[in-house]
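Here's the structure we're looking at; comments come further down.
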Amino acid sequence: LQTLPPVQLAQRYFQIFPEERDPIWQDPCEDKRHKDIWSKEKTCDRFPKLLIIGPQKTGTTALYLFLGMHPDLTSNYPSKETFEEIQFFNGRNYHKGIDWYMEYFPLPSNTSSDFYFEKSANYFDSEVAPRRAAALLPKAKIITILINPADRAYSWYQHQRAHDDPIAQKYTFHDVITAGHDAPLKLQVLQSRCLVPGLYATHLQRWLSHYHPSQILVLDGQMLRTEPASIMDKIQKFLTVTNTLNYHKILAFDPKKGFWCQLLDGGKTKCLGKSKGRRYPDMDADSRNFLREQYREPNIELSKLLYKMGQPLPSWLREELLHIR
Ligand code: A3P
């Protein structure tokens, strides 16, 4: 039997098994061998029990704010790099390891507020996030918010315009969504960021191959926008929190903002910033019709999937299905 010094041995190993170069972090407390070699000061209670996975532009920030108002729930510390979102499971941060991830959550205090959650809105359509999340957080609950994928695409386009993306400035929304394979690469990239996350059934299916349907709650983003307190009731039941908070009393519709906001003492409201709930013209009819056609099959797939999961169809999906003859 021959062996090599550790570094060479590792190099040799990864030559033979290149697919294992990508690590997969498991909960150290799920395996006694891992737990035994882990520092005594560390605890597996410092991981989130709830992930809000997105997709982007569906109201994830509003939900994050509303959940943060609950006394039993504690959100992550904001990330300096990615504007509040940790984005651990989807990208390169994953390679920074679980200690890096844990630092985003407070040390557990052994009270009911140790229920940690984080939202990273691009987990939803990430190829790798479901597998990675399920390896580390197999018992976690997952929340996804779905709005009409056509509106989501348009909201993303407006978001990019507001961020001075030259491609979104140069091309109309209709140009972006109808661009062909011969279009400039950057235009195709923007098109893909507008359209691909909206293939809801495909992405949800990926999460379902790693999590039991009972762990996943699919929310109607339109209802979150118009009746957030009822949605918060639903979420509290799903999470089985110790204290039930009456959101009907602590949220108020702000006519100036045009959205529901946090009600502060003295009757003032605290709303999300300018970048959430932007004002822009309605989508043109041609784009609406084009996207209705594009998302026809994916929306049918979504309705079948939700039916199998035993979850109600969002109102916008019922409306879209009415247009399908
Ligand atoms: P628009 O700015 O296009 O209207 P996310 O936080 O996932 O990026 O989603 C942003 C979207 O959340 C906004 O898109 C807005 O429509 C929606 N939204 C839902 N409830 C909201 C609220 N209470 N305040 C602000 N935006 C809200």
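In listed order, ligands and their atoms are each counted from 1. Since we're looking at a predicted model, the values are computed, not measured.
By the 4.5 Å heavy-atom criterion applied to side chains, Phe238 and Lys234 are not counted as neighbours. At a threshold of 4.5 Å between non-hydrogen side-chain atoms, the residues Leu208 and Leu305 count as touching.
Atoms of ligand 1 found under 4.0 Å from any heavy atom of Thr58 (numbered from 1 in listed order, with element): 7 (O), 9 (O). In the vicinity of Tyr280, heavy-atom distances shorter than 4.0 Å reach the ligand 1 atoms 1 (P), 3 (O), 4 (O). Of all atoms in ligand 1, listed by their number and element, those nearer than 4.0 Å to a heavy atom of Ala62 are 20 (N), 21 (C), 22 (C), 23 (N). Per-residue contacts place Arg225 under 4.0 angstrom from the following atoms of ligand 1 (heavy atoms of the residue considered): 16 (O). Interface of Leu272 with ligand 1, defined as ligand atoms under 4.0 Å from a residue heavy atom, comprises 24 (N), 25 (C).
A ring-ring contact (aromatic ring centres under 6.0 Å, His included) with Phe173 is found for exactly one of Tyr280, Tyr157, Phe290, namely Tyr157. For the ring-ring contact (aromatic ring centres under 6.0 Å, His included) criterion with Phe88, the lone passing option out of Tyr123, Tyr94, Phe47, Phe105 is Tyr94.
Distances between N or O atoms of Phe66 and those of ligand 1 include no value under 3.5 Å. Backbone and side-chain nitrogen or oxygen atoms of Gly277 are examined, and one is located within less than 3.5 angstrom of a nitrogen or oxygen of ligand 1. Inclusion of Thr60 in the set of residues having an N or O under 3.5 Å from an N or O of ligand 1 is warranted. In terms of polar-atom proximity, defined here as any N/O pair under 3.5 Å, Trp260 does make such a contact with ligand 1.
In this structure, Gln158 does not count as a contact residue of ligand 1, since none of its heavy atoms falls inside 4.0 Å of the ligand.
Scanning all protein heavy atoms for the shortest distance to atom 17 (C) of ligand 1 gives Gly59 CA, 4.0 Å. With hydrogens left out, the protein atom closest to atom 8 (O) of ligand 1 is Lys276 NZ, 2.9 Å, a heavy atom. Atom 6 (O) of ligand 1 has as its closest protein heavy atom Thr61 OG1, 2.5 Å. For atom 14 (O) of ligand 1, the nearest non-hydrogen atom of the protein is Ser155 OG, 3.7 Å.
For the residue pair Tyr101 and Glu118, a side-chain donor N or O sits within less than 3.5 Å of a side-chain acceptor on the partner. Side-chain contact, Thr172 with His174: no donor N or O sits under 3.5 Å from an acceptor N or O. For the residue pair Gln15 and Arg12, a side-chain donor N or O sits within less than 3.5 Å of a side-chain acceptor on the partner. Gln87 and Arg92 form no side-chain donor-acceptor contact under 3.5 Å, judged by distance and modelled atom types alone. Between the side chains of Gln56 and His159, no donor N or O sits under 3.5 Å from an acceptor N or O.
When the heavy-atom distances from atom 18 (N) of ligand 1 to Tyr154, Tyr157, Phe259 are ranked, the shortest goes to Phe259.
At a threshold of 4.0 Å, the pair Arg296-Glu301 does not count as salt-bridged, since none of the basic side-chain nitrogens sits closer than that to a carboxylate oxygen.
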